[in-house]
Each structure stands twice: as structure tokens, then as C-alpha cells.
Amino acid sequence: MTAKKIQIVEVGPRDGLQNEKPWIATKTKIELIEKLAESGLKKIESTSFVSPKWVPQMKDAFEVLSGIKRKPGVTYSVLTPNMQGFERALEAGVTEVAIFGSASEAFSQKNINCTIAESVERFQPIIEAAQNNNILVRAYISCVMGCPYQGEVPVESVVELAEQMFEMGCYEISLGDTIGIGTPDQAREMVQAVTEKIPTSNIALHFHDTRGQALANIYACLELGVSVIDSAVAGLGGCPYAKGASGNVATEDVVYMLHGMGIETGVDLEKLIETGHFISAVFGRMSQSRVSCAG
Ligand code: HMG
Ligand code: MG
């Protein structure tokens, strides 16, 4: 049942950098993205067309997306929370966007300043405009295993939103454990419930590693046949609107585990580790990837 080949969606330049307070030069962001592409990653979430008042680090989204020397075969996707962001992304030459909602009502309010139902209404015109421009739309669901504000999140809320977003035309639903709170049986049960409504091939895992559970959770879900995993180089990441959220599972660690299981990723681990050291040096700290630290 476990897939022979896994698609990694590298979210470091977006999920990773959005959480860093000191300003990162636009050229450094672009260099990071280009190095990631050189390491063989084919899907790189590059930036986020959100309000600069909400996430100042992403205020150069246009310059980043339009400044990348694009490698053929690589998709450089971005977050677009509303039409304003989508239109700007279109001008910058985007080919894939992601909308982001939440299974938790409380988190929806904190992160995008609206209810879940309002967010779905807001996503509709983005999806339509994207389809008219041949742009793929991915959807995130946050707080799939718990919320920093409301605590427990019922699996039914995750399933309902996943089904809704899939029916609206999103080709992939990325299930976000925003605060890295889930454990393997819970992750498997949650994903299993989603697969009862949408095909497993349209599901991605987006697990933050706050409590060191991400690899175990991924492993548990791989057994269900999931074939897309989000991760961030050097374990960067976190959401500025999720209290206590820390990094995503490190791409280096995911790639190491998958290669050890005989699963293809197309990623050159050595080049990826070098890229992780490059970006960690920018922040003057060690990479959060365990594989990188092992030398
Ligand atoms: P709002 O304040 O309700 O929006 O924010 P508004 O329409 O009232 O606009 C307020 C101001 O923002 C206006 O400017 C707009 O022009 C501007 P003013 O008139 O005051 O000068 N504005 C924009 N500017 C640039 N680009 C835009 C844009 N939209 C409005 N797209 C909004 C609503 C959704 C915009 C806001 O809440 C927002 O930007 N939220 C984003 C928060 C965020 O980025 N969070 C992190 C990403 S999600 C995440 O990390 C989770 C994930 O990784 C999965 C997981 O781990 O679970 C995906
Ligand atoms: Mg995230």
C-alpha cells in the first residue's frame, strides 16, 4: 500500500520564512528557492501574497516570485488568501496557488480574520479565476489534530472542509497539524476518515514537528498510501498566528527516512543538506534537521 514514489512539497521559503522576525533580504529568499530547486525538489512553495500588515516578512512576495530564475519542471507555488493576493500573484507570473482554511473556527478567526463559512465564500472566486487562467489550486486545512485556541478539533470538521474544498475544484488537500500536536494513531485515523470522502492521491500531509511526532505521524499515514508530503528545509517554519507552533518536519529528515525505505523522492540529499546549512547560517543558528546535525 505504501507509495513507491513520494512528491515532496518544500514549504521552507513560505512557511519557514514567514515565521522569522528579522528581515530577510529578497535576494536571500530567491537564492534559497533556487538552491532548493537545484537539489531536485520539484514543488517549492515560494512566498505568500498575504497582507503585509499581518505578515511583514512576506511583503516582497511580488519581487520574490518574479525574481526567481525558474528551472523547467519546477512549480513555484504561493499562498493567496483573497482575490487581492491572487491578482498580484497572477501579475508576478504564478502557475499554482494555495488557499488556506481551518478546521477550527477559533483559528480561522485568528489567522484570516473570518469564519470558516466566510473563508469558503472568499475562496470561491479565487478558484474560479484560477481555473480561467489554467492555474492549479491547492488547499490547506489547518488544525487537523488540535487547535491552539479551541483545543480539540473533531475529525468531522476536517472531513467536511476537505470534501467541500475538493468539490470546489482544489486538486490537493494538505492536512495541517499546525501546532504539531497529533500522534500516529490519531494521524492515521484522521487521514483514513478523509480518504473515505476524497481520493488518497489528492491528499497531502503537512505536519509541524513541535512535539517530535511528525516523522512517526508521516510513517503511519504512508501506510494508507499517501504520496505527497510537505516539509521545510532545515526544519524551518511556524505560523505567526498559531501560538506555540514551531518548525515543519525537516525535508532532510523526511528524505532520509524515505530513501531508507526504498522510496524515490528525486532529491539529492547532500545538496539539500548544504541548502539547509546555507539558510541556517543566515539566522546564525544550527539546522533543525537531525540528519544534517548528524554530519
Ligand atoms: P483583513 O484585515 O480582514 O483584510 O485581513 P482586509 O480586506 O480588511 O484588508 C486589510 C488591509 O490589508 C488593507 O490595507 C488591504 O489592502 C490589505 P489598508 O487598506 O488597511 O491599507 N490586504 C492585502 N495586502 C496585500 N495582499 C493581500 C491583502 N489582503 C488585504 N492579499 C487577510 C484578511 C486574509 C488579508 C489577513 O488576515 C491575512 O493576510 N492573513 C494571513 C495570515 C497568514 O499569512 N498566516 C500564515 C499562513 S497560514 C499557515 O501558516 C498555516 C499553513 O502552513 C498550514 C498549517 O500549518 O496548518 C498553511
Ligand atoms: Mg504550516
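Start at 1 and go down the list; that is how both ligands and their atoms are numbered.
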- Task: Can you list, by chain and residue number, the protein N, O or S atoms under 2.8 Å from the Mg ion (ligand 2)?
- Result: Asp15 OD2, His206 NE2, His208 NE2
- Aromatic plane relationship, Phe107 with Tyr149 - under 30° parallel, 30 to 60° tilted, over 60° perpendicular: parallel
- Task: Provide, to 0.1 Å, the distance between atom 23 (C) of ligand 1 and the closest protein heavy atom, together with that atom's residue and name.
- Result: Gln84 NE2, 3.2 Å
What pairs of donor and acceptor atoms, side-chain ones from residues 213-228 against any protein atom, are under 3.5 angstrom apart with sequence neighbours left out?
unit_1 : atom_1 : unit_2 : atom_2 : d
Gln213 : NE2    : Arg211 : O      : 3.1
Asn217 : ND2    : Gly182 : O      : 3.0
Asn217 : ND2    : Gln213 : O      : 3.4

- Item | Protein contact of atom 11 (C) of ligand 1 - nearest heavy atom, named by residue and atom, plus distance | Ser51 OG, 4.3 Å
- Message: Against ligand 1, does Arg88 come closer than 4.0 Å with any heavy atom?
- Response: no
- If you compare Ser142, Ala232, Gly85 by their heavy atoms, the one closest to atom 51 (C) of ligand 1 turns out to be Ser142
- Task: With atom 26 (N) of ligand 1 as the reference point, say which of Asn19, Val50, Asp177, Asp15 has the nearest heavy atom.
- Result: Val50
- Task: Starting from the C-alpha separation in whole Å, work towards a yes-or-no answer on side chain to side chain donor-acceptor pair (under 3.5 Å) for Thr26 and Asp60.
- Result: CA-CA 7 Å; Thr26 305; Asp60 59 354; 2.7 Å; yes
- Between the side chain of Gln186 and the main-chain N/O of Met145, is any donor-acceptor distance below 3.5 Å? yes
- Task: Return the option from Ile112, Ile179, Asn82, Thr178 holding the heavy atom at the smallest distance from atom 35 (C) of ligand 1.
- Result: Asn82
- May I ask you to check whether His208 has an N/O atom sitting below 3.5 Å from an N/O atom of ligand 1? yes
